[in-house]
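Down below is the structure, laid out as structure tokens.
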Amino acid sequence: MGRFASARPALFVFLGAFVGCLISAVWFRATGVNPPIGVAIGLSVGCLILFGNRLWPLVALAPLVTFWLFNANYPLIGQVASAAGLSLGALLTASMIGRRGIRPDEMLSPGSLLWVFAAAVAGSLVSAGMVAVTVMLIGRSFSLLDKFAQQWLGMMLAAPLVLVWATPPRLRWTALRWAGFVAVMVLCAAVAAMVFLTKSVMPFGWAVFPPMVLAALGWHLRGATTASAICAVIALWGVEIGAGPFALHPGDYPVLAAQAFVAVACATIILLASYADERHAEDKLHLAAKRLEISRRHLTNMARDSSTAIAILDRDMRYIAASKRYLADFRLPEGFQIEGCSHFELFPTILPERHEVYRRVLDGEQLSGNGQVVRHADGEVDYIRWNHRPWYDEDDRIAGIVLSSEIVTAELEARRKLEEAERRYRAVFEQAGVGVGRLSLQGEILEVNDRICELSGYPREELIGRSLQDFSPPGETPATMVAVAALAEGTTPFHSADRMLRRRDGELRAVNCTANIVRTGDEAGDYIAIVLQDITPRIEAQRALEGSEKMLRLAQEAAGVGVWEIDLIDGGAHLSPVTARMFGLEWWEGEYRMAAVATQMGDAQVLEMRKAIGRARLAEGPLDMTLELTLPGGEARWVTLQGHYDPDDGHPRLIGLAIDNTRDMEADAQLREVHEKLLRLARLNAMGAMASTLAHELNQPLAAITNYLEACRYLTRSRGEPDHAILDALDRARVQALRAGDIIRKIRSFTVTGDVAKARLDLNAVVRAACASVRQLKIASGTQIDCDFDPLPADLIGDSLQIEQVIGNLIRNGVEATAGRARREVVVRSHVDAEEVRIDVADTGPGLDETMLANLFEPFRTTKESGTGLGLPICRTIVEAHGGRLWAENGADGGAVFSFTLPTLAATAETV
């Protein structure tokens with residue numbers, strides 16, 4: 001619709017020009033000559049005046065379309081000339097009228113007609129001149145006077161007709177007035193037809209004037225222009241068909257004579273209608289002024305005597321009257337002469353949007369509003385409720401505005417406070433962490449907040465109006481309704497209980513329900529306020545606590561950890577069942593005395609324990625000691641007591657744990673025994689390595705000695721008579737040297753291929769034992785030692801003690817390498833293949849340089865200040881004795897990686 005509205009002016013301009021061209025084309029087809037009246041230019045001028053001169057190209061388009069439809073063979077230059085003459089003539093006429101400042105409704109006024117005639121003459125001359133020049137260029141005959149008369153007559157008839165009917169009348173026409181108008185127009189047409197369409201000359205041609213005058217006086221410009229157009233068309237048509245006084249009367253220019261008659265008659269009638277319309281308007285204005293004065297008096301008296309704030313203004317926004325309440329509300333002095341004052345001068349700070357409101361009211365709207373801010377001269381602010389409506393004169397035209405207002409500052413302030421209180425209540429109601437709602441005295445739900453909707457799983461609209469018993473399990477429904485009845489009857493003002501709430505999905509949720517009766521004392525009626533709190537977390541916490549206590553007892557039983565408490569006032573102690581069993585006592589809930597455990601502890605430990613308890617009490621600090629107990633059956637047990645001081649509101653005590661360390665102590669003893677075995681084995685292996693090294697190093701000197709002895713025997717025999725004593729000594733020395741070489745070779749063979757105990761071993765257990773032994777060392781403090789085992793089982797045989805020695809030594813080296821590093825980690829990994837098992841020991845130390853890697857496994861090579869250089873050679877000897885190999889390399893992420901392999905049992909069997 002918006003696009004159509006914007007394109008409507010252009011459409012009307014084009015259609016007006018096109019309809020005029022179409023009428024001319026039809027006339028030409030019917031008579032063979034051009035029409036004597038230029039309807040097209042007249043309609044074009046009217047449309048340009050109404051919709052704007054910028055649309056003149058559309059006027060030029062209309063003749064071209066008409067030529068294309070009816071006479072496409074007409075020369076193109078002639079078509080263009082016709083289009084240009086029509087558009088430029090219409091544009092010139094409309095521009096001259098517009099520049100004079102003549103509005104469409106003023107064109108036919110007596111003061112404007114002369115200028116309108118002049119503009120029509122100028123436009124007609126331009127249009128006729130352009131067409132004349134073009135026709136002469138193409139070699140055709142043309143009458144400039146005929147063309148001028150045609151165009152001017154079209155402007156004087158068609159343009160006023162368009163403008164008059166496009167302008168709203170001063171008075172609305174009734175149905176009777178329309179009927180009279182149609183009758184007079186029919187009369188004009190009938191009389192004109194009788195005069196101008198007959199084949200005989202009759203002496204009553206003047207008969208066309210009475211109905212035209214009647215139309216002008218009775219219906220003013222609409223009647224005059226319409227009647228003139230009807231009579232002009234009939235008269236000119238009569239000339240074309242050879243009828244009427246102008247065709248039958250002898251003369252050379254019947255058409256021109258008819259055009260002159262029509263022009264004079266129509267101009268006279270239109271001028272007469274214009275004067276009649278103006279006089280009628282003056283009479284109406286005079287009468288309206290009288291009535292307006294009377295209405296003003298009545299309105300002024302009514303406004304002044306009104307008890308409300310009311311003011312009456314005219315169309316220029318000047319005050320006609322105002323009530324005393326109006327003056328008081330807007331802080332104007334009492335007795336102020338407001339009549340005649342401008343509203344905008346009286347209130348210069350009126351906002352621009354208020355001007356738009358006044359304009360809309362003067363256009364016929366009735367507007368109202370509430371809460372408009374009014375700032376007084378003293379700086380105070382009031383809020384008003386206002387209503388603006390137009391008031392009408394006796395002609396039902398808008399004569400001004402009636403302003404009515406009421407100060408609502410106190411009302412708005414009270415409403416604001418009420419809304420603020422309602423907002424706070426609603427915020428508390430909706431944002432409460434618990435469910436809040438209202439029930440009727442019969443238990444029906446009236447209102448709930450979002451929390452109740454969350455608890456129940458129902459949307460708000462499904463909860464309102466339902467009974468509370470719909471959400472209780474069957475077992476609790478009677479008790480719930482009894483409580484509601486007791487609250488409603490007033491037998492109890494308050495109720496609180498734990499209940500189960502049945503959710504929409506069928507789940508039962510534990511809630512604490514608190515309810516009380518609320519007495520409103522007004523027509524709203526009493527109601528029951530309820531608060532629902534979800535206690536599911538509390539129930540779950542209780543269950544979790546019971547479960548954790550149970551798990552704690554089980555954990556104490558499994559871990560051998562008990563609880564104890566020593567009363568520092570009377571010296572008695574309370575023991576848990578686990579603690580009592582640790583001390584070899586039967587458990588009971590009463591107190592235990594020190595004498596009950598004196599036999600198990602011994603006198604020295606009893607004395608030491610008393611001293612430790614005294615120190616903890618004086619220092620209000622911890623108690624930490626380990627006791628070696630001898631149970632009645634002779635069993636030895638180690639128990640560690642760890643506790644702290646607790647004032648306990650003036651009744652001090654020591655509370656803590658009793659930890660059975662017997663297994664740890666036995667494990668430490670076994671570890672020390674294994675460690676000693678490892679040390680012995682390490683020393684033996686070191687000696688073996690030294691023996692192997694010495695055998696390797698002495699083998700060559702002994703071979704050289706044997707060669708030298710053989711050379712001496714040869715030299716001695718080569719002389720004349722050898723000395724047999726020397727030869728005998730040389731032989732004996734040679735035998736001893738060979739014997740020494742045999743002994744060294746046997747020792748070396750033993751150290752290299754020494755016997756290994758062949759037994760199945762659990763590699764994972766061996767690795768864990770080695771890790772555990774290293775973790776006990778002081779140097780391993782702060783180092784993370786992890787194991788990453790291959791899930792496939794490792795089927796190995798060998799000496800588990802020797803393999804543990806190798807792994808332990810490599811882990812120890814890794815721990816020492818990470819000393820001083822930010823991240824201290826050693827990881828032992830295993831990888832099982834079909835033929836061998838690979839063990840990697842990786843650390844996060846600085847790694848190994850290339851020089852160190854070259855001779856890392858040579859004896860007596862070490863980078864430690866206290867190292868012997870025999871650890872890695874011993875490890876390599878053991879690994880090789882088991883059929884594996886040992887090597888070292890730097891890790892991809894830093895640090896060193898020591899790896900060795902051991903053949904599986906299947907690979908060993910295949911080798912054998």
- Would you find a donor on one side and an acceptor on the other, under 3.5 Å apart, between the side chain of Thr579 and the backbone of Val563? yes
- Intermediate values then yes/no, side-chain contact (heavy atoms from CB on, under 4.5 Å), Val767 and Phe789: CA-CA 9 Å; Val767 173; Phe789 300 122; 3.7 Å; yes
- Task: Report the residues that fulfil salt bridge (Lys or Arg N to Asp or Glu O under 4.0 Å) with Asp603, sequence neighbours left out, ordered by chain and then residue number.
- Result: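 With neighbours one apart ignored, the set is empty.
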Least distance between heavy atoms, [X] atom then [Y] atom:
X	Y	value
Thr844	Arg823	OG1-O, 2.6 Å
Cys875	Asn809	SG-ND2, 3.1 Å
Ser576	Gly562	OG-CA, 3.6 Å
Ala780	Val774	CB-O, 3.2 Å

- Task: Decide whether His574 and Asp567 meet the rule of one side-chain donor and one side-chain acceptor closer than 3.5 Å.
- Result: no
- Query: Does one side chain, of His831 or Asp833, offer a donor that lies under 3.5 Å from an acceptor on the other?
  - Reply: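 On atom types as modelled, these side chains qualify, holding a pair under 3.5 Å.
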- Show your reasoning for whether side-chain contact (heavy atoms from CB on, under 4.5 Å) applies to Val561 and Asp660. CA-CA 6 Å; Val561 177; Asp660 188 353; over 6 Å; no
- Yes or no on side-chain contact (heavy atoms from CB on, under 4.5 Å) for Phe900 and Val806, after CA distance, side-chain angles and deciding distance? CA-CA 10 Å; Phe900 68 91; Val806 172; 4.1 Å; yes
Is the [atom1] atom of [X] crowded by more than 12 outside heavy atoms at less than 6.0 Å?
X	atom1	value
Asp893	CG	no
Arg610	CZ	no
Glu586	CD	no

- Would Phe898 and Asn813 count as a side-chain contact (heavy atoms from CB on, under 4.5 Å) if you check the C-alpha gap in whole Å, the side-chain angles of each, and the deciding distance to 0.1 Å? CA-CA 10 Å; Phe898 285 80; Asn813 289 343; 5.5 Å; no
Output a table of donor-acceptor pairs, distance under 3.5 Å, between side-chain atoms of residues 617-630 and any protein atom two or more places apart or on a different chain; print 'none' if there are none.
from: Arg617; atom 1: NH1; to: Leu568; atom 2: O; distance (Å): 2.8
from: Thr626; atom 1: OG1; to: Thr640; atom 2: OG1; distance (Å): 3.0

- Quick one: do Arg538 and Asp498 satisfy salt bridge (Lys or Arg N to Asp or Glu O under 4.0 Å)? Show the steps, please. CA-CA 12 Å; Arg538 188 184 75 187; Asp498 291 344; 3.2 Å; yes
- Message: Per the side-chain hydrogen bond (donor to acceptor under 3.5 Å, both in side chains) rule, what does the pair list look like for residues 759-769, sequence neighbours excluded?
- Response: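 Applying side-chain hydrogen bond (donor to acceptor under 3.5 Å, both in side chains) to every pair that reaches into residues 759-769, excluding sequence neighbours, yields Arg760-Asp795.
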- Determine, for Arg593 against Glu591, whether the closest basic-nitrogen to carboxylate-oxygen distance falls under 4.0 angstrom.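 Counted as a salt bridge, because a side-chain N and a carboxylate O are separated by less than 4.0 Å.
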- Query: Does a side-chain N-to-carboxylate-O contact under 4.0 Å join Arg653 and Asp646?
  - Reply: yes
- Message: Run the salt bridge (Lys or Arg N to Asp or Glu O under 4.0 Å) test on Glu635 and Arg637 for me, step by step, so that the C-alpha distance in whole Å, both residues' side-chain angles and the decisive distance to 0.1 Å come before the verdict.
- Response: CA-CA 7 Å; Glu635 177 186 357; Arg637 179 171 294 173; 3.4 Å; yes
- Message: To the nearest 0.5 Å, what is the distance between CG on Asp788 and OG on Ser830?
- Response: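 Output value for this atom pair is 7.0 Å.
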- Message: Checking Glu816 against Arg812 for the salt bridge (Lys or Arg N to Asp or Glu O under 4.0 Å) test, could you report, in this order, the C-alpha distance in whole Å, the side-chain angles of both residues, the deciding distance, and whether it holds?
- Response: CA-CA 6 Å; Glu816 293 173 354; Arg812 244 188 338 269; 5.5 Å; no
- For Glu608 and Arg615, run salt bridge (Lys or Arg N to Asp or Glu O under 4.0 Å): C-alpha distance rounded to whole Å, both residues' side-chain angles, the deciding distance at 0.1 Å, then the answer. CA-CA 11 Å; Glu608 183 62 29; Arg615 288 193 297 269; 3.6 Å; yes
